[in-house]
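The structure under discussion appears below in the form of structure tokens.
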Amino acid sequence: MPGKRSDVISWDEFFMRVAIAASLRSKDPKTQVGACIADTNDRILSVGYNGTPSGLDDDEFPWGTSEDPLFDKHNYVIHAEANAILNYRGSLKDMQGAKVYVTLFPCQECAKTLVQAGVGEVIYLDDKYDGTEGNRVSKSVFDRCGITYRQVRLPEDALV
Ligand SMILES: O=c1[nH]c(=O)n([C@H]2C[C@H](O)[C@@H](COP(=O)(O)O)O2)cc1CO
Ligand SMILES: [Zn+2]
């Protein structure tokens with residue numbers, strides 16, 4: 001009897017790879033973000049990436065930033081984490097204590113939304129806005145609400 005394979009990837013790596021795959025769908029030329037929500041039984045509930053609301057053609061969308069709020073992408077894009085929650089077609093009860101895998105540390109709006117959706121843990125890859133005002137607010141929200149967050153590092157070949 002052959003022994004079982006032991007060099008399988010971990011749940012952390014699996015879910016983060018799914019989040020990375022979702023981010024590859026993002027049309028944002030500067031920052032592509034993916035999110036994958038897994039429940040407490042390690043079942044994937046939902047995935048999402050940053051993109052325009054359906055009905056807003058992402059080919060015609062001004063993907064830049066501008067002094068004019070009508071031409072600034074930040075005012076239109078739905079964040080990966082919000083899309084992952086919105087894409088879920090089941091009951092939010094299933095999300096209680098869930099793990100959220102994100103390729104970028106959540107912004108303060110997503111942090112509040114994730115808390116309110118009932119997630120229990122945030123696992124992130126990159127934290128390129130670490131130390132900025134919004135990022136500090138996100139961490140304060142998680143700390144105050146008892147949501148743990150930790151960074152996961154993946155092998156180089158998972159990042160290509
Ligand atoms: O938590 C997040 N989730 C998320 O989807 N995003 C998206 C929104 C924008 O499309 C992009 C951020 O753009 P920029 O890095 O140019 O500010 O990343 C950004 C954050 C954190 O800033
Ligand atoms: Zn966000």
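Just follow the structure's listing: the first ligand is 1, and inside any ligand the first atom is 1. Quick note: numbers below take in every heavy atom, side chains included, and nothing from hydrogens, waters or symmetry partners.
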Nearest non-hydrogen protein atom to atom 3 (N) of ligand 1, with distance, is Glu81 OE1, 2.9 Å

| query | Do Leu104 and Lys128 touch side chain to side chain, with heavy atoms closer than 4.5 Å? | reply | yes

Check: Asn87/Ser46 side-chain N/O donor and acceptor closer than 3.5 Å:
no

If we only count N/O pairs under 3.5 Å, is Ala80 in contact with ligand 1? yes

Heavy atoms of Asp12 and Arg150 approach each other most closely as OD2-NH1, 2.8 Å

Under 4.0 Å between heavy atoms, the region of His79 that gets near ligand 1 turns out to be both

Say whether Tyr49 and ligand 1 are in contact under the criterion: heavy-atom distance to a ligand atom below 4.0 Å. no

The atoms of ligand 1 lying under 4.0 Å from a heavy atom of Asp28, numbered in the order shown, are 9 (C), 10 (O), 11 (C)

One finds that the ligand 1 atoms under 4.0 Å from a non-hydrogen atom of Pro106 are 1 (O)

The atom of His79 among N, O or S that is nearest the Zn ion (ligand 2) is ND1

Looking only at protein heavy atoms, what sits closest to atom 12 (C) of ligand 1 is Thr31 CB, 3.7 Å

Just wondering, are more than 12 heavy atoms of other shown residues or ligands nearer than 6.0 Å to NZ in Lys93? no

Give a yes-or-no answer on whether the side chains of Thr40 and Lys99 include a donor-acceptor pair shorter than 3.5 Å. no

Nearest heavy-atom approach of Val102 to Val122 is CG2-CG1, 4.0 Å

for atom 16 (O) of ligand 1, nearest protein heavy atom and its distance come out as Lys73 NZ, 2.7 Å

Practice task
Before accepting this row, confirm whether a basic side-chain N of the pair Lys139/Asp130 lies closer than 4.0 Å to the acidic partner's carboxylate O.
Solution key: yes

The SG(Cys107)-the Zn ion (ligand 2)-SG(Cys110) angle, to 10°, is 120°

Closest to atom 7 (C) of ligand 1 among protein heavy atoms sits Asn50 ND2, 3.4 Å

Examine the side chains of Asp143 and Tyr149 and answer whether a donor and an acceptor come within less than 3.5 Å of each other.
yes

One finds that the ligand 1 atoms under 4.0 Å from a non-hydrogen atom of His74 are 13 (O), 14 (P), 16 (O), 17 (O)

among protein heavy atoms, the one nearest atom 6 (N) of ligand 1 is Val33 CG2, 3.6 Å

Just wondering, do Thr31 and Tyr129 contact through their side chains at under 4.5 Å, heavy atoms? yes

Between Val77 and ligand 1, is there a nitrogen or oxygen pair with a distance under 3.5 Å? no

Correct closest heavy-atom pair for Thr52 and Asp58 would be OG1-CB, 3.6 Å

Heavy-atom contact check, 4.0 Å cutoff: does Gln32 meet ligand 1? no

For Phe105, the ligand 1 atoms with a heavy-atom partner under 4.0 Å come out as 1 (O), 21 (C)

For Leu104, the atoms of ligand 1 under 4.0 Å from one of its heavy atoms are 20 (C), 21 (C)

| Quick one: is the NZ or CZ of Lys112 closer than 6.0 Å to the six-membered ring centre of Phe142, and within 45° of its axis? | no

